[in-house]
Trainee: 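My questions will all concern the structure given below.
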Amino acid sequence: MNQTTVTHNTDRHSPRHVAIIMDGNGRWAKAHGLDRTEGHVAGVETVHNITRQASDMGIKYLSLYTFSTENWNRPQKEVDALMHLVALVIEKETPGLIENNVKVSIFGDTERLPDITRQSLLRSMEQTSHCTGLTLSLALSYSARWELTNAMRNIAGKVAEGKILPGQITEQTIQENLSTSNLPDPDLLIRTGGDFRISNFMLWQIAYSEIYVTPTLWPDFTTNEFCAAIDNFRKRERRFGMTSEQVSQKNCQQQPNK
Ligand code: IPE
Ligand code: IPE
Ligand code: MG
């Protein structure tokens, strides 16, 4: 049997990549006697604050589940409001993102987005392409099954063209064909709104992510709670199938002075 090279990051100290399922805007609006779209508007402030916090903390990647493939099935009025909101917010926030050295990226079936939304995102990506701090990735019209189906189609195409043999397909081949191929796997996955489910988000990439679920609704999610989630992450031992003793030994070898 081939020996597998373990490349996982067992360093407890800092999540390099935090992914968030931002859920609970609708319930927040309902609790405040408002229309669902008002909940999404309220959620924008949380996006602003958490992005700023992640950037200040030196986190390298923040990925936000903004709109899923399944969300296209919501009432048209809500879908339209969300698409306009994304366009509006990205226009408004881009100068501040540049100031904070934040690079914007998107993943998902962006062809399905209305022109105004796609154009404003493309502009923001272009304007922030030189930024070297936090990479803020927005998952839009995204679902993991859409992404995996696409990846399989691409790989099958390459096999059919004779560019690769089936036996040459590795985990890396699959990773390279995902819409998140520019991102490392999330270290920490946060879900607000209290539901213990993944809702078709990054199924391949979260194989070994630490999961943090909070009942807090997204518009109420504060930077303090974000920091608490990071602290909670730091206390966990990521074993990646190994024993606790092996992990400690590996960490000692990696950090001889600590
Ligand atoms: C998350 O909030 C935002 C999106 C899915 C776009 P919801 O709109 O799902 O809020 P709840 O779950 O109904 O409270
Ligand atoms: C997940 O939230 C999608 C986003 C946060 C964009 P949903 O509200 O769509 O998830 P379900 O329907 O409760 O699983
Ligand atoms: Mg929801």
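Numbering of ligands and ligand atoms starts at 1, following listing order.
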Trainee: Mind checking whether Gln205 and Glu147 have side chains closer than 4.5 Å, heavy atoms only?
Mentor: yes
Trainee: Please list, in number order, the atoms of ligand 2 under 4.0 Å from a heavy atom of Arg197.
Mentor: 11 (P), 13 (O), 14 (O)
Trainee: Could you tell me if the side chain of Lys60 sits less than 4.5 Å from the side chain of Thr135, heavy atoms only?
Mentor: no
Trainee: Does any non-hydrogen side-chain atom of Arg191 lie less than 4.5 Å from one of Thr214?
Mentor: no
Trainee: Look at the rings of Tyr65 and Phe201 and say which category their plane angle falls in: under 30° parallel, 30 to 60° tilted, over 60° perpendicular.
Mentor: parallel
Trainee: Taking the side chain as every heavy atom from C-beta outward, state whether Phe221 and Phe226 have any atom pair closer than 4.5 Å.
Mentor: yes
Trainee: Heavy-atom distance under 4.5 Å between the side chains of Thr51 and Leu97, does that happen here?
Mentor: yes
Trainee: Grouping I, L, V, M, F, W and Y whenever their side-chain heavy atoms are under 4.5 Å apart, do Ile190 and Val47 come out in a common cluster?
Mentor: yes
Trainee: Quick one: give me the number of protein N/O/S atoms under 2.8 Å from the Mg ion (ligand 3).
Mentor: 1
Trainee: Test of understanding: with side chain to side chain donor-acceptor pair (under 3.5 Å), list the residues that count as partners of Ser55, not counting sequence neighbours.
Mentor: none
Trainee: Measuring from each atom of ligand 1, which residues have a heavy atom under 4.0 Å away?
Mentor: Met22, Asp23, Gly24, Asn25, Gly26, Arg27, Arg36, His40, Thr66, Asn71, Arg74, Leu82
Trainee: Is there a path of hydrophobic side-chain contacts, each under 4.5 Å between heavy atoms of I/L/V/M/F/W/Y residues, joining Val18 to Leu138?
Mentor: yes
Trainee: Please list, chain by chain and in numerical order, all residues satisfying ring-ring contact (aromatic ring centres under 6.0 Å, His included) with Trp204, sequence neighbours excluded.
Mentor: none
